[in-house]
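Submitted below is the structure of interest, expressed as structure tokens.
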Protein chains: 2
Amino acid sequence: MPNINMKEQTISKYLKPIIRNYDQNPNKWFSTKFFAEKFNVHPSTVTEHFQSLSMLGLVEYKKYKGIKLTPHGIKQGQILMRKHRILEYFFSNELGLTCEEACKEASKIDIYISEKIIDKICTKLEHPRVCPCGHNIFHY
Amino acid sequence: MPNINMKEQTISKYLKPIIRNYDQNPNKWFSTKFFAEKFNVHPSTVTEHFQSLSMLGLVEYKKYKGIKLTPHGIKQGQILMRKHRILEYFFSNELGLTCEEACKEASKIDIYISEKIIDKICTKLEHPRVCPCGHNIFHY
DNA sequence: TATAAATTTTTGGTCAGACCAAAATTTCCA
DNA sequence: TGGAAATTTTGGTCTGACCAAAAATTTATA
């Protein structure tokens, strides 16, 4: 049964892959199967999460079709992805990690770090425009 | 019943207050009551956690007396506290946060960030010896 | 275009791990 | 040394992620 109390970790797991290439494909619907395979869980689990994400106003959910970010979901996804990419930039350009390492390390903390810290780092690094792997970094 | 599978978050909750002033008081025993009041949970919950921490080899647990860190617990605590203080230093000295803010922000990510990143930041900051609140930063 | 295959949803569960409450035990100290 | 305070034991609850089978829907194909 769908639960309004999803963990931040679980929410982010869904938001990230959707927002990652959002620029390229803003109108794509994501299927149950897609996430079930990606996360190696049963489809019924994904359906539940879809319903929860929808109740949180983060996605539009159409039965048998899948999910798509709402404006609120886009916003939350962008905030998250910005954190991730600023961290990636910092880890690779300032601390000397490889792209891949930087991404892995960023993933460990991006959902926990505050926007305030990210903004300060961003300013200190003079507002980089792309992360080391070449993806855009959003600036509001 | 005690559970060997404690969450990292729960472990850290106990390790932190003990290691925080470890230098001043290395032989102190910490009581059930102390943590029950600190975390606002029932004493029976704390007893359970004491047993779990003990099974993990992080503390010595004496019934009706309390807990005390083992060498392994000290090591883990120091690793955690080093992460915390390096982050505090970075947030206050490089990003301009107040001591208090720096501590709060560090607490959000210190248990998730890797030692590798902390070591890199530490090198970049030229191995600071004390955090902004004046506590020692361990170097191994 | 009917029907078989693939996908998704519904329903009714399990399980981990933090937590609680009452009763039993132990310790402390007046 | 006996009662109060602290702790432990025992037997629970609850949340949130997850599963499995059956029902419903969509898609593909003959």
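Chain A is the first sequence line, chain B the second, and so forth, proteins listed ahead of strands; every chain is numbered from 1.
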(request) For D:dC19, take OP1 and OP2 only and decide whether either is under 4.0 Å from a side-chain N or O of A:Ser44. (result)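 Answer no for this pair, as no side-chain N or O of A:Ser44 is under 4.0 Å from OP1 or OP2.
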(message) Strictly below 4.0 Å: does A:Thr45 bring a side-chain N or O up to OP1 or OP2 of D:dC19?
(response)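 Answer is yes, contact under 4.0 Å.
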(message) For B:Phe90 and A:Phe90, I'd like to know if the aromatic rings sit close, meaning centre-to-centre distance below 6.0 Å.
(response)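 So the answer is yes for these two rings.
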(message) Rounded to whole Å, please give me the gap between NZ in A:Lys7 and P in C:dA18.
(response)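 Rounded to the whole Å, the gap is 9 Å.
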(request) Please state whether the phosphate of D:dA20, meaning OP1 or OP2, lies under 4.0 angstrom from any side-chain nitrogen or oxygen of A:His42. (result)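 Yes, such a contact exists.
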(request) Grab the CE-P distance between B:Met55 and C:dG17 for me, whole Å please. (result)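 Whole-Å distance recorded here is 11 Å.
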(message) When you measure only distances, ignoring hydrogens and angles, does the side chain of B:Ser31 come within 3.5 Å of the base of D:dA6 through a donor and an acceptor?
(response)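 By the distance-only test, no, there is no pair.
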(request) Figure out the CZ/C1' separation between A:Phe30 and C:dT7, and round it to whole Å. (result)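 One finds 18 Å between C1' of C:dT7 and CZ of A:Phe30, rounded.
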(request) Determine: side-chain N/O of B:Lys63 to OP1/OP2 of D:dT9, distance under 4.0 Å, yes or no. (result)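 Checking D:dT9 against B:Lys63, a side-chain N or O does come within under 4.0 Å of OP1 or OP2.
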(request) May I ask you to evaluate whether A:Gln9 reaches the phosphate of D:dG16, defined as a side-chain N or O under 4.0 Å from OP1 or OP2? (result)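 Answer is no, no contact under 4.0 Å.
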(request) State whether A:Tyr61 places a side-chain N or O below 4.0 Å from either non-bridging phosphate oxygen (OP1 or OP2) of C:dT9. (result)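 True: A:Tyr61 side-chain N/O within range (under 4.0 Å) of C:dT9 OP1/OP2.
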(request) Considering just the side-chain nitrogens and oxygens of A:Asn5, establish if one lies under 4.0 Å of OP1 or OP2 belonging to D:dT15. (result)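 False: A:Asn5 side-chain N/O out of range (4.0 Å or more) of D:dT15 OP1/OP2.
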(message) Using the ring centroid of each side chain, check whether A:Phe30 and A:Phe50 are separated by less than 6.0 Å.
(response)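 When the ring centroids of A:Phe30 and A:Phe50 are compared, they turn out to be at least 6.0 Å apart.
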(request) Please figure out whether A:His49 or B:Thr47 has its closest DNA chain D nucleotide nearer the 5' end. (result)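 Result of the comparison: B:Thr47.
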(message) Between A:Glu105 and B:Tyr112, do the side chains contain a donor N or O and an acceptor N or O under 3.5 Å apart?
(response)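 Looking only at side-chain atoms, A:Glu105 and B:Tyr112 do not form any donor-acceptor pair under 3.5 Å.
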(message) Nearest whole Å is fine: how far is C:dA24 C1' from B:Tyr64 OH?
(response)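 It works out to 8 Å between those atoms.
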(request) Report yes if a side-chain nitrogen or oxygen of A:Thr32 is closer than 4.0 Å to either non-bridging phosphate oxygen (OP1 or OP2) of C:dT9; otherwise report no. (result)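 Yes, such a contact exists.
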(message) If hydrophobic clusters are built from ILVMFWY residues whose side chains come within less than 4.5 Å, do A:Ile67 and A:Tyr64 share one?
(response)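 No.
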(message) From CZ of A:Phe50 over to P of C:dT10, roughly how many Å is that when rounded to an integer?
(response)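 Taking atom P of C:dT10 as the reference, CZ of A:Phe50 is at 13 Å.
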(message) Is it the case that over 12 heavy atoms from other parts of the model lie below 6.0 angstrom from the CD atom of B:Glu126?
(response)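 It does not: B:Glu126 CD has 12 such atoms or fewer within range.
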(message) Between A:Lys33 and C:dT7, is there a contact of a side-chain N or O with OP1 or OP2 at under 4.0 Å?
(response)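 True: A:Lys33 side-chain N/O within range (under 4.0 Å) of C:dT7 OP1/OP2.
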